[in-house]
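A short write-up of the structure that comes next.
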Amino acid sequence: MQGLTIDHIFFIFKGAGWTIILSAMGFIGGTILGLPIALARSSRNKWIRRISGFVVQVVQGIPLPVIMFVVYFGISVAGFDLPAIVAAGLALTAYAGAYLGEIWKGCIQAVPRTQWEAADCLALTPLQTAAFVILPQAARIAVPPTVGFLVQIVKNSSYAVVIGVFDLTYSSRVVNNSTFEPFLVFTIAAIIYFAMCYPLSSLASRLERKFKKS
Amino acid sequence: MDYQFDFSFLLNNWRDILDGVWLTVRMSAVSIVLGVMFGAAFAVVRVYGPRWAAKTVAWYVDIIRNTPLVIQAFWIFFGLAALQFRVPALTAAIFALVVNVVAYTTEIIRAGIESIPKGQLEAAECLGLPRWRVILHVILPQAIEKMYPSLISQCVLMMLATSIMSQISAEELTAIGYRIQSETFRGFEIYIVLAVVYLALSWLLRLIMEQGAYYAFPRRRRLNANR
């Protein structure tokens, strides 16, 4: 058994850097995917609502590690040769898109009905109504839960370890395999994750309280 | 792209997959029952307990909710091994899952407790019930009933989270899938099958819990009937 050296710590931090990159990929992709889903989920057309709801339910009913595997093997089956982190990013995109879509759907529906009616009276098209009347108001409501969901993305990016992506979870496991000091190594990893997530969750709950007051 | 899909591995391995499903179901059931029980107890401590205990629970919830389940599982599994405790992977997995889910159910049930009108507590005290009976018979049933939809979602998430326990070599569904994949090299097909199975499991769990609510909360049934 060998102690933990400074190199080991650096190695763990290198993994943490990739965790941040992976989380950013998931959040950006999730935003791009989640917005149309949220609009489709709150559409007036029954079929658009149902189909998008079904898609969301399918993604939410499959564990993220399995989504990771499906995307990972799917990419290679489709004949592309891409690094595993791209697969992980795409899987996180699908996951975050589904959840953010549902969260934002709730925010859009929280905008009072009269706003829609008022926009109708001004003869705005549905697209104009969404872009200039509803979304700006919904965005305000959406900030706290979105920040809260960022924590889920950072945490769940750790599931990328199943397809061998080099992130904080992976690097800490590698260090544990060579030093076999599980309590120390995984406590360090947990502290790094905590340091990334805790500010976000406390910001989310602070924002929530602030919005509730106003 | 001319990929030949090949699902023939199902012929040889369907028994293994069923074993994996069964283990996933058992793991989830045990973790859900323990998780809700401890979650309710912790939530009561968080709201009514002495200050130091409430603070401790709050810290526990914060730490668990801000670190990934995989790291918690590694910490417990490899940590126990380092202490020369030879626990089966399954025990360590359930332990990690319970530790994780208790934090979430504590928060959910606490929110439920705090949303119960104060009048309920006062009314119960007027009836001369001791404190613990007020909590057990008046507050908790209402809190759990109110938060039941969130609890269902949490339990489904919990069932899905069992999949990561393949990383500490618990032989549940995802681990079986991984093994079949390394034997047959049909990764894409295998994980599509797994995705469908998990989807069916999560819909089934949701259905069972919603039906359960119908019998567990007769008051809600009456209210819905009147509407």
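Quantities reported herein were computed from a predicted structural model and do not represent experimental measurements. The chains referred to below are lettered A, B, ... by the order of the sequence lines, with proteins before strands, and numbering in each begins at 1. Side-chain atoms are counted along with the backbone in the values below, which use heavy atoms only and exclude waters and symmetry mates.
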Check whether more than 12 heavy atoms from other residues, nucleotides or ligands sit under 6.0 Å from atom [atom1] of [X], and answer yes or no.
| X | atom1 | answer |
| --- | --- | --- |
| B:Phe7 | CZ | yes |
| A:Phe13 | CZ | no |
| B:Phe38 | CZ | no |
| B:Trp203 | CH2 | yes |
| A:Tyr170 | OH | no |
| B:Tyr60 | OH | yes |

Of all the heavy-atom pairs spanning [X] and [Y], show the shortest one and how long it is.
| X | Y | result |
| --- | --- | --- |
| A:Gln60 | B:Leu160 | O-CD1, 3.2 Å |
| B:Ile63 | A:Phe194 | CA-CE1, 3.7 Å |
| A:Ser172 | B:Ile71 | OG-CD1, 4.0 Å |
| B:Gln167 | A:Val162 | NE2-CG1, 3.4 Å |
| B:Val70 | A:Ser158 | CG2-OG, 3.4 Å |
| B:Ala161 | A:Tyr159 | CB-OH, 4.3 Å |

With chain A as the partner, which of [options] has the greatest number of non-hydrogen pairs under 4.5 Å?
| options | value |
| --- | --- |
| B:Tyr191, B:Phe78, B:Phe77 | B:Tyr191 |
| B:Gly187, B:Ala81, B:Ser163, B:Ser202 | B:Gly187 |
| B:Val156, B:Leu194, B:Leu69, B:Asp62 | B:Asp62 |
| B:Ile164, B:Leu205, B:Leu83 | B:Ile164 |

A:Val151 portion near chain B, given a 4.5 angstrom heavy-atom threshold | side chain

Atom group of A:Asn156 that falls short of 4.5 Å from chain B, counting heavy atoms = neither

Applying a criterion of heavy atom separation less than 4.5 Å, what residues of residues 168-185 of chain B form contacts with chain A?
-> B:Thr174, B:Tyr178, B:Gln181

Spatial distance of atom CG (B:Leu80) from atom CZ (A:Phe183) [nearest 0.5 Å] | 6.0 Å

Nearest-0.5 Å distance, CZ of residue B:Arg186 to CZ of residue A:Phe73 | 11.5 Å

Classify the ring geometry between B:Phe74 and A:Phe186 as parallel (under 30°), tilted (30 to 60°) or perpendicular (over 60°).
-> tilted

Quick one: side-chain contact (heavy atoms from CB on, under 4.5 Å) partners of B:Ile208, sequence neighbours excluded?
-> B:Leu204

Quick one: of A:Ala189, A:Ala195, A:Gly74, who has the most non-hydrogen atom pairs under 4.5 Å with chain B?
-> A:Gly74

